[in-house]
Chemist: 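Dropping a structure here in structure tokens format, bear with me for questions.
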Amino acid sequence: MASEKVVETVLVGSYVEMETEGKPKDIKTKLSKFFWHGGSVYDAWFSCASNQVAQVLLTLPYSFSQLGMLSGFLFQLFYGLMGSWTAYLISTLYVEYRTRKEREKVDFRNHVIQWFEVLDGLLGRHWRNVGLAFNCTFLLFGSVIQLIACASNIYYINDNLDKRTWTYIFGACCATTVFIPSFHNYRMWSFLGLIMTTYTAWYLTIASLLHGQVEGVKHTGPSKLVLYFTGATNILYTFGGHAVTVEIMHAMWKPQKFKAIYLLATLYVLTLTLPSAAAVYWAFGDLLLNHSNAFALLPKSPFRDMAVVLMLIHQFITFGFACTPLYFVWEKAIGMHECKSLCKRAAARLPVVIPIWFLAIVFPFFGPINSTVGSLLVSFTVYIIPALAHIFTFKSAAARENAVEQPPKFMGRWAGTYTINVFVVVWVLVVGFGFGGWASMTNFIHQIDTFGLFTKCYQCPPPPPQFLNSTAPLPSPANLHHPHHLLHNP
């Protein structure tokens with residue numbers, strides 16, 4: 001009991017006080033603190049829940065059509081629990097690393113701890129390099145996916161511009177996230193983001209139930225192994241949003257209280273993802289195999305437009321979540337991380353946005369790209385590497401005895417933890433990376449063969465046949481009635 005008090009004393013720190021030290025607490029300061037400075041357990045929960053499900057909410061019905069209703073439910077529950085477990089592992093490794101460093105009088109006053117630094121401090125530079133490569137690549141493509149989703153969604157409100165043009169526009173908008181200093185400053189955005197996804201999820205559920213089943217609806221999933229494992233890896237991606245766990249923890253006033261936050265966030269997210277995906281799949285069945293975005297099948301209405309707008313704002317927030325760790329890495333690489341000028345840091349961060357912008361234009365495959373990122377990057381970044389890192393960090397009896405966080409008794413202490421970690425590594429390596437990688441890459445390559453790189457408007461409805469043979473100029477697509485038919489996407 002005494003040792004736990006010592007650890008808490010070491011970890012609490014003065015993260016908030018160090019930003020307001022010596023400053024008078026006037027009304028402006030208090031308002032700024034209320035909206036801008038978040039470091040509580042509730043802030044962390046909002047950040048985790050808001051970040052965990054964004055545009056993927058719109059692709060889960062597509063995954064259900066590939067998996068079938070039963071497998072869709074089971075995979076969401078299974079990967080939700082597995083994601084919560086590895087988030088717990090990451091949190092214990094962060095607490096272990098930070099406690100050791102602060103006992104050595106290391107000052108993190110102007111430094112944000114990141115996952116690759118935790119690996120470096122606990123296991124050495126080789127682990128650091130592997131963790132850095134996977135984490136940065138995953139976050140890079142995570143940001144790309146948010147940008148692609150922005151263009152895909154706005155097209156259902158305004159189709160006067162093609163999706164590639166919308167990608168240019170939203171790339172410029174998302175670049176403004178360079179002005180958000182850290183996860184400490186996402187208090188208001190996280191809260192609003194969760195409200196937005198909650199509205200969208202229940203809109204999808206209620207709108208699908210009110211719409212009813214389309215005539216001749218079929219539910220044939222799973223029909224092909226390629227589709228089955230593609231859908232499964234999209235769900236693996238869904239619950240792999242804890243690549244930013246360390247940064248969220250570092251923004252907390254008491255990081256050791258993070259333990260169960262991700263699990264609680266996951267439980268809430270499941271109340272959004274399960275009903276919405278099931279309802280849309282029930283209503284539209286196999287039509288979803290050709291519609292990776294659930295908005296495409298629902299009739300245009302003010303409620304749908306509101307959901308689209310809210311998801312656009314939320315994707316801007318999620319872009320910031322995914323990109324902020326990349327900003328930190330870049331700042332450290334060029335020696336700007338401890339600079340106190342926000343404008344200088346923002347200017348230094350801009351080069352990070354350029355490759356994201358470019359890749360979103362090259363690979364605009366909304367839906368299939370999620371599964372590919374899930375199998376090749378998420379599988380290692382947030383499942384395999386954390387489980388292996390925990391095993392090797394505490395492989396000696398002395399390390400286990402002196403560990404800051406002891407495994408819970410109900411999980412079987414160290415023996416149970418080791419067994420679960422080995423299971424996670426084997427399962428994700430074989431099913432997630434192996435079968436999932438094969439299926440998602442097969443589907444991804446098919447998208448390239450079908451639509452080509454730099455495609456101008458991925459899965460956009462073609463103009464009606466009566467206009468194709470006309471020599472007269474085509475009217476604006478916004479004035480045409482779209483039959484909501486997308487190109488075949490196996």
Side-chain angles (χ1 to χ4, degrees), residues 38-60 73 75-95 115 138-139 142 145-146 182-202 205 234-277 310-311 314-315 317-322 324-325 370 374 378 381-383 386 405 408 411 424:
S40 69
V41 170
Y42 301 103
D43 290 310
W45 184 83
F46 279 118
S47 293
C48 290
S50 177
N51 181 54
Q52 190 175 127
V53 59
Q55 51 74 36
V56 77
L57 188 69
L58 306 175
T59 65
L60 285 174
F73 265 92
F75 269 114
Q76 281 206 43
L77 294 173
F78 177 65
Y79 282 133
L81 289 173
M82 188 180 288
S84 300
W85 173 255
T86 52
Y88 165 74
L89 297 179
I90 292 171
S91 72
T92 58
L93 292 171
Y94 168 84
V95 170
W115 175 232
F138 166 48
L139 292 172
I145 288 170
Q146 300 309 320
S182 72
F183 285 96
H184 197 54
N185 309 108
Y186 271 94
R187 164 173 277 186
M188 179 179 67
W189 294 114
S190 297
F191 175 74
L192 293 176
L194 194 57
I195 291 176
M196 294 168 188
T197 50
T198 300
Y199 171 87
T200 303
W202 286 108
T205 304
N234 186 39
I235 296 177
L236 180 79
Y237 168 82
T238 302
F239 295 98
H242 44 291
V244 295
T245 297
V246 170
E247 288 84 359
I248 291 174
M249 285 187 70
H250 190 78
M252 292 178 68
W253 299 321
K254 296 183 179 181
Q256 72 277 17
K257 291 189 175 182
F258 184 85
K259 298 175 191 175
I261 286 176
Y262 195 86
L263 175 61
L264 296 174
T266 298
L267 293 176
Y268 178 78
V269 165
L270 286 170
T271 68
L272 306 180
T273 58
L274 288 173
S276 60
L310 292 179
M311 286 305 293
H314 186 267
Q315 280 148 12
I317 298 168
T318 311
F319 181 94
F321 268 110
T324 298
N370 294 18
V378 175
T381 305
V382 294
Y383 292 99
E405 292 280 354
M411 298 301 293
V424 169

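These figures come from a predicted structure and were not determined experimentally.
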Chemist: Is any side-chain heavy atom of Thr324 closer than 4.5 Å to one of Tyr186?
Modeler: yes
Chemist: Any idea which heavy atoms bring Leu93 and Pro386 closest together, and the distance?
Modeler: CD1-O, 4.1 Å
Chemist: Quick one about Thr273 and Gln76 (side-chain donor to acceptor, distance below 3.5 Å, no hydrogens or angles considered), yes or no?
Modeler: yes
Chemist: For Ser91 and Phe258, work out which heavy atoms get closest and say how close.
Modeler: CB-CD2, 3.6 Å
Chemist: Any side-chain to backbone donor/acceptor pair from Thr245 onto Ala87? Under 3.5 Å, distance only.
Modeler: no
Chemist: Return the minimal non-hydrogen interatomic distance between Gln146 and Gln315, and the atom names on each side.
Modeler: OE1-CG, 3.4 Å
Chemist: Any donor-acceptor pair under 3.5 Å linking the side-chain atoms of Thr266 with those of Gln52?
Modeler: yes
Chemist: Taking only residues at least two apart or on different chains, which pairs with a member in residues 190-201 satisfy side chain to side chain donor-acceptor pair (under 3.5 Å)?
Modeler: Ser47-Ser190, Thr198-Tyr268
Chemist: Return the minimal non-hydrogen interatomic distance between Val269 and Ala49, and the atom names on each side.
Modeler: CG2-O, 3.8 Å
Chemist: Taking all non-hydrogen atoms of both residues, which atom of Pro325 and which atom of Leu139 are closest, and how far apart?
Modeler: CB-CD1, 3.5 Å
Chemist: Does the side chain of Trp115 come within less than 4.5 Å of Ile90's, by heavy atoms?
Modeler: yes
Chemist: Of the non-hydrogen atoms in Ser40 and Arg187, which two are nearest, and what is the gap between them?
Modeler: OG-NH2, 4.3 Å
Chemist: Quick one: CZ on Phe239 to CG on Asn234, what's the gap to the nearest 0.5 Å?
Modeler: 10.5 Å
Chemist: Can you list the residues that meet the ring-ring contact (aromatic ring centres under 6.0 Å, His included) rule with Phe78, with sequence neighbours excluded?
Modeler: Trp427
Chemist: Can you list everything that forms a ring-ring contact (aromatic ring centres under 6.0 Å, His included) with Tyr237? Sequence neighbours excluded, please.
Modeler: none
Chemist: What orientation do Tyr88 and Trp85 show, parallel under 30°, tilted 30 to 60°, or perpendicular over 60°?
Modeler: tilted
Chemist: Check whether any side-chain heavy atom of Leu272 sits under 4.5 Å from a side-chain heavy atom of Trp202, and report yes or no.
Modeler: yes
Chemist: If we only count heavy atoms from C-beta on, is the Val95 to Lys259 side-chain gap below 4.5 Å?
Modeler: no
Chemist: Between atom CG of Asn51 and atom OH of Tyr262, what is the distance when rounded to the nearest 0.5 Å?
Modeler: 7.5 Å
Chemist: Give, for atom CD1 of Ile235 and atom CZ of Phe73, the distance between the pair rounded to the nearest 0.5 Å.
Modeler: 10.5 Å
Chemist: Could you tell me the separation between the CG atom of Leu60 and the CZ atom of Phe75, rounded to the nearest 0.5 Å?
Modeler: 13.5 Å
Chemist: Quick one: are the ring centres of Tyr42 and Trp45 less than 6.0 Å apart?
Modeler: no
Chemist: Please enumerate all residues that pass side chain to side chain donor-acceptor pair (under 3.5 Å) together with Thr381, with sequence neighbours excluded.
Modeler: none
Chemist: Of all residues at least two apart in sequence or in a different chain, which pass the ring-ring contact (aromatic ring centres under 6.0 Å, His included) check with Phe138?
Modeler: none
Chemist: Can you list everything that forms a ring-ring contact (aromatic ring centres under 6.0 Å, His included) with Tyr383? Sequence neighbours excluded, please.
Modeler: His242
Chemist: Does any part of the side chain of Ser50, heavy atoms only, come nearer than 4.5 Å to the side chain of Met196, both counted from C-beta?
Modeler: no
Chemist: Could you check Phe191 against Met188 for side chain to side chain contact (heavy atoms under 4.5 Å, CB included), going step by step and ending with a plain yes or no?
Modeler: CA-CA 5 Å; Phe191 175 74; Met188 179 179 67; 5.9 Å; no
Chemist: How far does CD1 of Ile248 sit from CD1 of Ile261, to the nearest 0.5 angstrom?
Modeler: 9.0 Å
Chemist: Nearest 0.5 Å, please: how far is CD in Glu405 from CG in Leu89?
Modeler: 11.5 Å
Chemist: Test side chain to side chain contact (heavy atoms under 4.5 Å, CB included) on Leu274 and Leu77 and set out the steps.
Modeler: CA-CA 9 Å; Leu274 288 173; Leu77 294 173; 4.2 Å; yes
